[in-house]
> 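Sharing a structure below in structure tokens format, with a few things to ask.
For this chain, numbers begin at 1 and follow the sequence in order. Only this structure's heavy atoms are used, side chains among them; waters, hydrogens and symmetry mates stay out. Both counts, for ligands and for their atoms, begin at 1 and track the order of listing.
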Amino acid sequence: MTSPSASIAGSVRAPAPANEPVRDYAPGSPEATRLRQRIDQIRAETRQLPHVINGERVFGGAEADVVSPHEHGRVLGRITPAQGKQVEAAIDAALSARRVWSRTPWWERAAVFLRAADLVTGKYRDELLATTMLGQSKTFHQAEIDAACELADFLRYNVHLAAGIYEQQPSSDPGQWNIMDHRGLEGFVLALTPFNFTAIAGNLPSTPALMGNTVVWKPSEKSALSSDVVMRVFDEAGLPPGVINLVHGDGQTIATHALADEHLAGVSFTGSTTVFRSLWKQVAQHLDTYRGYPRLVGETGGKNAIVAHPSADPDALLVALVRGAFEYQGQKCSAASRAYLPRSLWQRLRDPLIDIIRTLRVGDPTEHETFVGAVIDGVSLKRLEAAIGKAKSLDSHQLLVGGTVRPETGWFVDPTVLVTTDPTAFTMSEEFFGPILTVHVYDDWDTVLPLIDATSPYALTCSVFATERTAIAQALDVLRDTAGMTYVNDKPTGALIGRQSFGGGRASGTNDKTGSALALQRWISGRFIKENMNPDLDWTYPYLRESRIES
Ligand code: NAD
């Protein structure tokens, strides 16, 4: 690829980003009517979802069905799970594209992703929303904030953040010039993405690519339908062949091949803690054969707490509990899944919480009445059913509301609230990734805060509800290492790119703060260049002079 803008003189400024406005999709509105038509059309199709290797759409081989979680008899698409041959072809394509792409001026790379953002919010908005709603069981609102707004925000803010990084240059003393060359990594980056956010699926391969890397991207099999649209967006935006190579299929098979390659330069992962740990171990096993030290970036599980002080506003707390725990069926990494409520407030909140949860409609998310769709697959439903069953069998737990699963037509799990007298129980420490909230009613604020910190291995998000400033300050201090994102008087979900970047520590990941400059820095391998305008012409130093005279 020749680069026409390589001849541009002058430093280039990135456009100022703004968060994409969220559309309402009120019943009967023009945007909802148009989207409904697109949903009906895609629902009636069975799409062939190809690998995209070196710009070529590759079909063929044994097929696997991609179904709708809320209507699991409906086959929306088919993938052909990649074998070693396709993975190797994708790696080769990435390595071949790297030389030119890594030398392409940053603003030209950025222009591709800015164009992609406009395609996301324009031409492809309805298709991205429809495939996310059908394939990942998201409601109108959940699909809009993910597949349109957050995806576009990632693409636009990352360009702005990259421009800020490229501006950073070292100072130089007279007679020399120091330059920082913000190179991409040497080799290829493997991006493995989760099912639950179309935005994350698009962001994980595009962030390293923006910074000059070339990528092998394996999306979740469970989000293959929307990932196919994301890849077409990148293609139409002008991404050169080989820069991002998409291979569908089984994570373990694909990762085993990719992690064994000597050119692995980094892994960009979001998903479960168990899988990330297995990737890290595999990388360690291959360490002697790699050409460098692969960068490992992983955002993983969570067990996110809402804690309320007796001074908390009960109405705001109620909204946070319902939205934080049950939007998108609790399948957000940041979803609230444990709550610590003071006895005084619990007496007021208990019945209103039950009443609201009973009114939440569980069903087809493409219908306007639905608040809770289906969980992603039968494995997830069985895991959640087992967790509820185990909790019900314990004397320390009481089922307050929900607790039923309905797998006949879709994988539906009713929003479930458990109450436990045992704050160390498995329901307060393990990630379930579904619509289950466990409440512990506490008596002493001073002891509940360290308990929250010590109970779970995760450290992703938490929420503190209080109106007394001293209580807020105390919670922020005690819970400093408990979460990578702490919300005060707000639900623990819904981080907005450019405003709150997300990520957590401990078992929740490497905390590289997706959507911030820190995340972009992970995909740079700097090179310093020093040019000397007045090279020394005498090899001696002043301290040597006397001895030289003597000799
Ligand atoms: P997952 O770990 O099952 O899958 C993630 C990706 O890894 C998928 O592409 C999958 O195919 C692949 N994979 C699965 N098994 C693999 C293996 N053995 N080797 C290599 N790759 C493998 O996660 P998921 O179910 O898609 O997503 C849910 C998880 O993701 C939850 O734990 C959630 O907390 C986490 N998550 C975290 C964040 C965050 O920012 N911290 C964001 C979203 C999701």
Side-chain angles (χ1 to χ4, degrees), residues 64 66 69 79 81-82 87 135-137 146 150 154 190-205 207 216-224 226-227 246-260 264 267-283 296-304 328-337 375-381 383-384 411 430-434 456-461 483-485 492-495 497 500-516 519:
V66 175
I79 57 169
V87 182
Q136 290 139 264
S137 206
D146 167 20
E150 188 169 88
F154 269 135
L190 173 67
L192 295 165
T193 59
F195 78 82
N196 64 338
F197 279 95
T198 304
I200 296 178
N203 182 51
L204 261 52
T207 301
V216 174
W217 171 30
K218 194 219 85 69
S220 169
E221 313 87 291
K222 303 163 206 166
S223 63
S226 59
S227 297
L246 182 157
V247 281
H248 287 292
D250 171 61
Q252 194 163 7
T253 310
I254 294 170
T256 301
H257 276 91
L259 298 180
L264 181 78
V267 177
S268 176
F269 176 83
T270 297
S272 57
T273 300
T274 317
V275 171
F276 187 52
R277 286 183 175 164
S278 83
L279 299 173
W280 197 298
K281 286 175 196 159
Q282 286 176 70
V283 167
L296 303 180
V297 174
E299 299 304 334
T300 59
K303 185 72 185 176
N304 312 298
Y328 193 39
Q329 299 81 267
Q331 296 176 126
K332 299 187 184 189
C333 51
S334 52
S337 61
V375 299
I376 195 69
D377 61 10
V379 176
S380 172
L381 179 133
R383 199 184 56 240
L384 296 165
W411 292 300
E430 289 179 20
E431 181 181 55
F432 299 139
F433 218 57
S456 163
Y458 299 104
L460 193 53
T461 70
M485 292 173 288
T493 59
I497 304 308
Q500 306 97 28
S501 16
F502 59 92
R506 298 185 183 165
S508 290
T510 51
N511 199 10
D512 287 297
K513 289 286 174 272
T514 312
S516 80

> Quick one: are R506 and P457 in side-chain contact, heavy atoms under 4.5 Å?
no
> Does some side-chain heavy atom of V247 sit less than 4.5 Å from a side-chain heavy atom of V216?
yes
> V297 and side chain to side chain contact (heavy atoms under 4.5 Å, CB included): which partner among T510, T514, N511?
T510
> Do T207 and S268 have side-chain heavy atoms sitting under 4.5 Å apart?
no
> Could you give the side-chain donor-acceptor pairs of residues 270-277 under 3.5 Å, partners two or more places apart or in another chain?
residue: T273; atom: OG1; partner: T300; partner atom: OG1; Å: 3.4
residue: T273; atom: OG1; partner: G301; partner atom: N; Å: 3.2
residue: T273; atom: OG1; partner: A507; partner atom: O; Å: 2.9

> Between T493 and T461, is there a side-chain heavy-atom distance shorter than 4.5 Å?
no
> Which pairs of nitrogen or oxygen atoms, taken one from ligand 1 and one from the protein, are under 3.5 angstrom apart?
residue: ligand 1; atom: 2 (O); partner: S272; partner atom: N; Å: 2.8
residue: ligand 1; atom: 2 (O); partner: S272; partner atom: OG; Å: 2.6
residue: ligand 1; atom: 9 (O); partner: T193; partner atom: O; Å: 2.7
residue: ligand 1; atom: 9 (O); partner: K218; partner atom: NZ; Å: 3.3
residue: ligand 1; atom: 11 (O); partner: K218; partner atom: NZ; Å: 2.9
residue: ligand 1; atom: 11 (O); partner: E221; partner atom: OE1; Å: 2.8
residue: ligand 1; atom: 26 (O); partner: F195; partner atom: N; Å: 3.1
residue: ligand 1; atom: 30 (O); partner: G271; partner atom: O; Å: 3.3
residue: ligand 1; atom: 32 (O); partner: E431; partner atom: OE1; Å: 2.8
residue: ligand 1; atom: 34 (O); partner: E431; partner atom: OE2; Å: 2.7
residue: ligand 1; atom: 41 (N); partner: T300; partner atom: N; Å: 3.3
residue: ligand 1; atom: 41 (N); partner: T300; partner atom: O; Å: 2.8

